[in-house]
Amino acid sequence: MSSAASSPKPAIAIIETIGSHGGMHYYTDNQAHALVNQGHATTLYSLPASTDVGARYRKVDTFKAIYGPDPKAIRGLRLMRDLTTSLLAARRSGAKVCIFHLFKMDIFELYAVRLCRLLGMKSMAIVHDVARLDQPNQRPQLARIAAACDLLIAHNSFSQTALLAALDGAPANVTVVPSGNYIAQFPNPPSKAQARERLGLPQDKLVILFFGNPRREKGLHVLLEALVAHRDDARLLLLVAGKMKPEEEAEYRAFASEHGLNDRTRFDIGHVDDADAPAYYRGPDIVALPYLRIYESAVALMAMSLERPVLASDLPPMRDVIGDDARGLLFAASDAQALSARIGELLANPARLTDLATNAATYAAQDRHWDVTGRMLSAQAESL
């Protein structure tokens, strides 16, 4: 056997600064396990999370007090400190490749990839939030990050094209590695009836879920507008769950009240605990994603992983996930009337939801299996 064939796969460090603060711990837990399954010694440097229990990779909680009420400058200094601690620890532990998760492009991301290179490690950066790269002031920083990074990874071809456009000709190595499912996190999810009982949801209504931070591009206002035509239909309930700024909550509640939607909407505002997440996805009949702009939706994959179809804008990444109304329903992006019509179809034929849910779960289990993603990540790491 040749020495190349017998040489161990490179040890990998995952540097992840969001963790359970923004729901990234599910993703990185799956990613770390997928790399372990491919034979990589893997360490995750992040924040404490519920997924730490039973992990087969090494976990180091290096990021401390980088979120919260303290001044941004103080938290920024802590982040710089903790990035340094993480990368130095990764180098000492023998990591050859570092994986970064990018949601924005500023001094911290640039510092991290440059320090990684200075320490003699290779870098793979997964660019999650390509949308923010549309901001002109971030493009020069993106080019600097790309120059310091050995590989940029997008989750789909649409995101790859957008990333290359944002780079505007700057040299970069960009490839596509799809995101995987979230099935492993929830091996024994509750039934719909059990989930509704836990959340205090009525058993006899068609429940639509909107989950997550309702930034304007997430389109919650479009969904509320679409409900106005159905405000007198007692069979329907919209459940809005997740963190929300006070001014946003006030705006959406005021719209619901002004347009007679109080009986059709329920707002569960605040952090959704990991223990309650399965109930929030399993209780509703369908998950709404009325996004105005999106590059990859973790909420869509979470819904499908928990056997729930999605009702989504017909943006290219969502068409890729949903197919031709096989695993959910599509409507014209930002068109409240088109969304309202789709909701009307579900009210007229709720039995259709059963097939959509089954197809969604099959897609998540087969097409978005982490073994596929793990093999692709492993191949990229070995090629650096």
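The shown structure was predicted, so the numbers you read here are calculated from the model rather than taken from an experiment.
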Between Y252 and F210, ring centroids under 6.0 Å: no
Residues that A49 engages under side-chain contact (heavy atoms from CB on, under 4.5 Å), provided they are two or more places apart: S20, H25, T51, D52
Check: M318 and S297 side chains under 4.5 Å, non-hydrogen atoms: yes
Going by the rule salt bridge (Lys or Arg N to Asp or Glu O under 4.0 Å), which residues pair with D276 if we only count those two or more places apart in sequence or in a different chain? R198
Contacts of K243 that satisfy side-chain contact (heavy atoms from CB on, under 4.5 Å) - sequence neighbours left out: H21, H271
Looking at R231 and E258, is any side-chain nitrogen of the basic one under 4.0 Å from a carboxylate oxygen of the acidic one? no
Under the rule for side-chain contact (heavy atoms from CB on, under 4.5 Å), what residues qualify as partners of T354, not counting sequence neighbours? none
Partners passing side-chain contact (heavy atoms from CB on, under 4.5 Å) against A148 (at least two apart in sequence or in another chain): V113, R114
Inter- and intrachain pairs under ring-ring contact (aromatic ring centres under 6.0 Å, His included), touching residues 344-383, at least two apart: Y27-W370
Residues in ring pair (Phe, Tyr, Trp, His ring centres under 6.0 Å) contact with Y291, at least two apart in sequence or another chain: none
As an exercise, state the distance from OG of S179 to CG of L301, rounded to the nearest 0.5 Å. 5.0 Å
Between the side chain of R75 and the main-chain N/O of D70, is any donor-acceptor distance below 3.5 Å? yes
Just jot down the ring pair (Phe, Tyr, Trp, His ring centres under 6.0 Å) partners of F211, sequence neighbours excluded, or say none. Y281
Of L236, L227, I208, which is the lone residue that meets side-chain contact (heavy atoms from CB on, under 4.5 Å) with T265? L227
List for me each residue that meets ring pair (Phe, Tyr, Trp, His ring centres under 6.0 Å) alongside F255, sequence neighbours excluded, and say none if there are none. H259
For a side-chain hydrogen bond (donor to acceptor under 3.5 Å, both in side chains) check, start with the C-alpha distance between N156 and S159, then their side-chain angles and the critical distance, and finish with the verdict. CA-CA 5 Å; N156 52 55; S159 297; 2.9 Å; yes
Ion pair present between R264 and D233, side-chain N to carboxylate O less than 4.0 angstrom? no
Ring pair (Phe, Tyr, Trp, His ring centres under 6.0 Å) involving Y57 - partner list, sequence neighbours excluded: H33
Determine which pairs satisfy side chain to side chain donor-acceptor pair (under 3.5 Å) with at least one residue from residues 84-95, sequence neighbours left out, and list them in order. T62-S86, T84-Y111
Any chance you could measure L209, atom CG, to L237, atom CG, to the nearest 0.5 Å? 10.5 Å
Indicate yes or no: does E248 engage R216 in a salt bridge with an N to O separation below 4.0 Å. no
Distance-only donor-acceptor pairs under 3.5 Å for side chains of residues 374-382, two or more places apart:
{"unit_1": "S378", "atom_1": "OG", "unit_2": "H40", "atom_2": "NE2", "d": "2.7"}

